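Each remark here refers to the structure printed beneath this line.
For clarity, every value in this text was computed on a predicted model and none was experimentally measured. Note on naming: letters A, B, ... go to the chains in the order of the sequence lines (proteins, then strands), and numbering restarts at 1 for each one.
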Number of protein chains: 2
Amino acid sequence: MNQPKRYLDIVLDIRKMINQENIRPGDRIPSERELAERLKVGRSTIREALRSLELLGLIETRRGEGTFLSDHRNHQLVEVLSTFILQDNQSQEDVQETRKIHELSAIRSICQNDATSQLSVWDSFSKCLTDEEGFLRSDFIRELMVLSGNRLSLKIWILLEQYSGHPYKGRISSDETMMIKNILAAIRQQDADKAAAALTGWIDWLQKENEENDHNS
Amino acid sequence: MNQPKRYLDIVLDIRKMINQENIRPGDRIPSERELAERLKVGRSTIREALRSLELLGLIETRRGEGTFLSDHRNHQLVEVLSTFILQDNQSQEDVQETRKIHELSAIRSICQNDATSQLSVWDSFSKCLTDEEGFLRSDFIRELMVLSGNRLSLKIWILLEQYSGHPYKGRISSDETMMIKNILAAIRQQDADKAAAALTGWIDWLQKENEENDHNS
DNA sequence: TTTTTGAAAGTGGTCTGACCACTTATGTTC
DNA sequence: GAACATAAGTGGTCAGACCACTTTCAAAAA
């Protein structure tokens, strides 16, 4: 009777327990030893279930303190999945392009925000531009991703940015200031197509820049 | 100094091992006992890492046979996650939206292909439409993702599609045939904006459809 | 010879008990 | 009352032991 995985039942039992005892995100769940006793299984089985849930970002464990129900917004699974997905996808082009996909979608999304959100967006960016000292390209793009409001997309972008060799390292040059101002202007006008085009221009320009640097070095 | 989780390192070690030894989906990976010896950790630690990967659908374990690398198409991830996470609106919306991002980018990319590629695209889709029996919505969208040529984007999409509860299950109804024809027409005209708009229409229509079904059941 | 059988080896599944490292609560001392 | 030391509780890890199951392969049977 191929007895199907005990730890999977445990996962469901734990979920049921969380429901019944009204455990909320951030609360502590019973200790491993207590769970083992209550569910009448070994502690190792409990741990296998918990580790799975932890990898999914559903719970959080702190040594010496306990196990806590997470507010599963972490999307931690992306990090692990990505290492598996990207393993055979050495095609750098795919990574670059996918990163661009998320960036362009983000700026389009921002353009479609309502006016009040629009205002805060403007604030964030113009503050960045005036602060000439130490403001990096990656900060600008990251701000873009954050403001789009899609946290999953942000997480994916962070990973892709790392995997594609940090294309946005370095400070914003005076040449680029104009491009960025064009991007901001398009956002202000809520013109998604124009903003996307302007951003594409900057990204491609940067990429060419990076390639030249790679050649020289 | 909070020693970072050992089993997470193991996950990465296993990934590296898979890479180095060129283990392909379907192949067997070393036994738990061998992994424990090679990585110099206890078997229980190995198991915690493997259980996590199993829940993610990245590997498959068969008692008495061994552990096998899966072609990440497994369902249990969705089942477990949905029981935990379905309540959380924000993250669900993020997943849906991110999936849509990849779909729209794919269709835009296809529209920008050259004429010869365009032709084969047309072939693939029209063959799907004439084959009325058993042609599923997911097949159409998947074909879209494949034809875009970005394999990384395709892989991410597959995961998101599972993670968001298989929104494209079911056959294409006669109502939808018209929408799809509009999409194909836009592709033929290489009009990216039009194609994206048409696809958005279909996706949103489908989403509304799914929500109604959920209410009824 | 070919087929059947069955014991052995190998694998994942589970349990137990023992430490370790860390945090929190408790109580003691100053 | 404050500072410190101790104990209790918790997750992290390990080793060893069975169990259930599959595969293998050599011995026995046909």
**OP:** Would you mind checking if E48(B) and R43(A) are paired as a salt bridge, meaning a charged N to carboxylate O distance below 4.0 Å?
**Re:** no
**OP:** Nearest whole angstrom, please: distance from the P of dC15(C) to the CZ of R33(A).
**Re:** 16 Å
Subject >> Side-chain ion pair, K16(B) and D9(B), N-O less than 4.0 Å >> reply: no
**OP:** Give, ordered by number, those residues of residues 41-49 of chain A having at least one heavy-atom distance below 4.0 Å to an atom of DNA chain D; if nothing qualifies, reply none.
**Re:** R43(A), R47(A)
Subject >> Atom-to-atom span, CG of L50(A) to C1' of dT10(D) - whole angstrom >> reply: 12 Å
**OP:** Let me know the distance between CD1 of I59(A) and C1' of dG11(D), rounded to the nearest Å.
**Re:** 11 Å
**OP:** Could you check whether R62(B) gets within reach of a base, just the sugar-phosphate, or nothing at all, counting any heavy atom under 4.0 Å?
**Re:** sugar-phosphate
Original post:
So, are E161(A) and R99(A) salt-bridged, with charged N and O less than 4.0 Å apart?
Top reply: no
Original post:
Taking D94(B) for the side chain and R151(A) for the main chain, is one N or O donor matched with an acceptor at less than 3.5 Å?
Top reply: yes
Subject >> Atom pair distance, as rounded to whole Å: CD in E54(A) and C1' in dG11(D) >> reply: 10 Å
**OP:** Write down the distance between CD (E37(B)) and P (dG12(C)), rounded to a whole number of angstrom.
**Re:** 14 Å
Subject >> Atom pair distance, as rounded to whole Å: CD in E60(B) and P in dT22(D) >> reply: 14 Å
Would you tabulate the nitrogen or oxygen pairs shorter than 3.5 Å linking the protein to nucleotides 5-10 of chain C?
{"residue": "dG10(C)", "atom": "N2", "partner": "G64(B)", "partner atom": "O", "Å": "3.2"}

Subject >> Smallest separation among heavy atoms of I59(B) and L50(B), with atom names >> reply: CD1-O, 3.3 Å
**OP:** Determine the interplanar angle of the W202(A) and Y168(A) rings, folded into 0 to 90°, and report it as parallel if under 30°, tilted if 30 to 60°, perpendicular if over 60°.
**Re:** parallel
**OP:** Nearest whole angstrom, please: distance from the P of dT10(D) to the CG of L35(A).
**Re:** 11 Å
**OP:** Please report, rounded to the nearest Å, how far the C1' atom of dG17(C) is from the CD atom of E32(A).
**Re:** 15 Å
Original post:
Considering all heavy atoms of both residues, which atom of I183(B) and which atom of A198(B) are nearest to each other, and what is their separation?
Top reply: CG1-CB, 3.6 Å
**OP:** Test E34(A) against I46(A) for side chain to side chain contact (heavy atoms under 4.5 Å, CB included), laying out the working first.
**Re:** CA-CA 10 Å; E34(A) 185 183 341; I46(A) 294 290; over 6 Å; no
Original post:
Under 4.0 Å between a Lys/Arg side-chain N and an Asp/Glu carboxylate O for E60(B) and R62(B)?
Top reply: yes
